[in-house]
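Only one structure is covered here, and it is reproduced in the block below.
Lettering of chains follows the sequences in order, A, B, ..., and the numbering in each one begins at 1.
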Amino acid sequence: MFSSRLLDWYDAHARDLPWRVGPKARAAGAQPDPYRVWLSEVMLQQTTVATVTPRFEAFLTRWPDVAALAAAPLEDVLGEWAGLGYYARARNLHACAKVVADELGGVFPDTEEWLITLPGIGPYTAAAIAAIAFDRTAVVVDGNIDRVMVRIENIARPIREAKAEIRASAAERTPDQRAGDYAQGLMDLGAGVCRPRNPDCLLCPVAEFCEARAAGVQDELPVKPAKKARPVRHGVVYVGLREDGAVLTERRAAKGLFGGMAGLPGGAWAEGEAPKAAPPVKARWREAGTAEHTLTHFHLILTVMTAKIKEAPEGLFWTADLETLPTVFRKAVKIAA
DNA sequence: CAGACGTGGAG
DNA sequence: TCTCCAAGTCT
């Protein structure tokens with residue numbers, strides 16, 4: 001049977017990850033900490049294990065439990081998240097921590113239905129937490145499992161169009177025992193064996209069930225949707241430097257791009273000519289160069305202005321730790337310094 | 001429901 | 001260098 005093959009493989013090949021209770025410990029009765037499972041799942045959304053690992057450790061050291069995280073100022077959480085991207089995750093993480101700590105007595109809900117009501121927890125994460133943290137049977141479908149199912153069933157349509165079929169395929173294979181190990185095993189399989197490029201079918205424990213493999217088309221799947229051109233936007237940023245290296249920053253709007261993060265003052269970002277923007281303070285501004293940064297839906301070219309500044313004007317503040325800035329602004333500061 | 005929403009690493 | 005990607009969610 002599919003699931004027992006997968007579970008046997010997981011027992012032998014599970015990755016050792018800082019947030020994971022491995023199959024051996026699990027079998028011996030160890031229970032995962034729901035806080036760790038939740039934190040790791042949110043960090044891992046659209047983010048690689050390699051990127052997440054050190055950041056997970058740092059978060060856990062700074063905020064060991066949900067009560068500590070809930071008590072932290074949002075700005076601190078956003079600063080710790082800087083560089084990880086998709087900052088709505090950090091805003092929702094903090095909002096979720098507050099709900100759990102303040103309204104649920106510090107206890108994470110243990111069902112998909114409850115979990116999905118929390119900020120930043122969607123269908124995937126709700127199912128993953130229910131399965132991994134609480135060993136509840138749940139149909140967990142992430143990008144890895146999409147890919148595995150598309151190959152197993154030889155589905156030659158883009159994933160987005162085949163969601164229902166993929167889910168049905170995942171559901172009929174999900175065992176009612178060891179839900180967490182099964183979900184993690186499938187994800188490990190997708191990450192290490194049934195990879196996006198060059199799947200290693202010779203190592204695959206479920207190759208005999210795979211229709212794509214049987215047809216020899218595993219390398220053609222999943223079918224990717226046509227990619228659209230990335231527009232180029234231009235803008236200006238002002239890097240005001242204090243003698244000790246601190247940078248003049250402003251708090252960005254609560255939502256939208258880099259929402260809630262500390263950022264550099266400057267104008268809007270638009271296609272064509274960079275919109276004019278007045279300096280945040282009167283000084284001897286000079287052009288230091290340009291910084292470029294590619295985001296998901298556009299490429300950005302920033303003209304970097306810089307000056308030495310002594311006093312922060314009303315509404316702005318000094319940032320000494322550049323690690324608390326989104327990468328795009330850190331790049332601009334580097335051009336100026 | 002397509003689009004907004006980041007970034008660093010692999011090939 | 002440059003494209004593609006990585007455990008999605010929200011609107």
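Contact annotation: A:H297 side-chain N/O to B:dC5 OP1/OP2 distance is under 4.0 Å. Residue A:K224 places none of its side-chain N or O atoms closer than 4.0 Å to OP1 or OP2 of C:dT3. Dashed line: the shortest gap from a side-chain N or O of A:K227 to OP1 or OP2 of C:dT3 is not under 4.0 Å. Contact annotation: A:R230 does not reach the phosphate of B:dC5 (side-chain N/O to OP1 or OP2, under 4.0 Å).
Within 4.0 Å of A:G190, counting heavy atoms only, lies no atom of the nucleic acid at all. Note on A:R330: only backbone sugar-phosphate atoms sit closer than 4.0 angstrom, heavy atoms only; bases stay farther off. Here A:I145 lies out of heavy-atom contact (under 4.0 Å) with every strand.
Salt bridge annotation for A:D11-A:R26: absent, with no cationic side-chain nitrogen under 4.0 angstrom from a carboxylate oxygen. With respect to A:E165 and A:R157, a salt bridge is recorded, a charged nitrogen being found less than 4.0 Å from a carboxylate O. Salt-bridge annotation for A:E243 and A:K308: absent, with no side-chain N of the basic residue lying under 4.0 Å from a carboxylate O of the acidic one. Here A:R242 does not pair with A:E311 in a salt bridge; the nearest charged N to carboxylate O distance is not below 4.0 Å. Using a 4.0 Å cut-off between charged nitrogen and carboxylate oxygen, A:D110 and A:R136 count as a salt-bridge pair. Looking at A:D219 and A:R197, no side-chain N of the basic residue comes within less than 4.0 Å of a carboxylate O on the acidic one, giving no salt bridge.
A heavy-atom distance below 4.0 Å to DNA chain C is reached by these residues of residues 30-44 of chain A, ordered by number: A:E41, A:L44. Only A:Q46, A:T47, listed by number, bring a heavy atom of residues 45-53 of chain A to less than 4.0 angstrom from any atom of DNA chain B. Less than 4.0 Å separates DNA chain B from no heavy atom of any residue of residues 161-186 of chain A.
Between A:P119 and A:W19, the one whose closest nucleotide on DNA chain C sits nearer the 5' end is A:W19. Between A:R160 and A:R233, it is A:R160 whose nearest contact on DNA chain B lies nearer the 5' terminus.
With B:dT7, B:dG6, C:dA6 as the candidates, the nucleotide lying closest to the side chain of A:V328 is B:dT7. If you check B:dA2, B:dT7, C:dG8 against the side chain of A:H293, the one that comes closest is B:dT7. Comparing C:dA6, B:dG6, B:dG3 by their closest approach to the side chain of A:R147 singles out C:dA6. The listed nucleotides are B:dA4, C:dC10, B:dG6; the one nearest the side chain of A:Y87 is B:dG6. Considering only the side chain of A:K228, B:dG3 comes nearest among B:dG3, C:dC4, C:dT9.
Under the 4.5 Å side-chain heavy-atom criterion for Ile, Leu, Val, Met, Phe, Trp and Tyr, A:Y124 and A:I159 are members of the same hydrophobic cluster.
For A:E292 and C:dT3, the CD to C1' distance is 16 Å, given to the nearest whole Å. Rounded to a whole Å, the NE2 atom of A:H299 is 11 Å from the P atom of C:dT3. When rounded to the nearest whole Å, the span between CE of A:M261 and P of B:dG6 equals 9 Å. The distance from atom CG of A:L300 to atom P of B:dC5 is 12 Å, rounded to the nearest whole Å. Counting to the nearest Å, the P atom of C:dT9 and the OH atom of A:Y86 are 12 Å from each other. Rounded to an integer number of Å, the gap from CG of A:D219 to P of B:dG11 is 15 Å. One interatomic measurement links the two molecules: CG of A:L115 to P of C:dT9, which rounds to 12 Å at whole-angstrom precision. We find that CZ of A:R197 is positioned 17 Å from P of C:dC2, with the value rounded to whole Å.
Side chains of A:L78 and A:F258 form no contact here, defined as non-hydrogen atoms less than 4.5 Å apart. Proximity of A:L300 to A:E292: side-chain heavy atoms (C-beta onward) are nowhere separated by under 4.5 Å.
Separation of the P atoms belonging to B:dG8 and C:dT9 is 22 Å when rounded to the nearest angstrom. Here, C:dA6 and B:dC5 have their C1' atoms 14 Å apart, quoted to the whole Å.
Under 3.5 Å, the side chain of A:T327 and the base of B:dG6 form no donor-acceptor pair of N or O atoms.
Under the 30°/60° scheme for interplanar angles, the aromatic rings of A:W269 and A:F329 are found to be tilted. Taking the six-membered ring where the residue is Trp, A:W285 and A:Y238 present perpendicular rings, their angle passing 60° and hence far from 30°.
In this structure, A:F134 has its ring center no closer than 6.0 Å to that of A:F108.
Using modelled atom types and a 3.5 Å distance limit, the side chains of A:T303 and A:E287 yield no donor-acceptor pair. Between the side chains of A:R36 and A:S40, not a single donor N or O lies within less than 3.5 Å of an accepting N or O.
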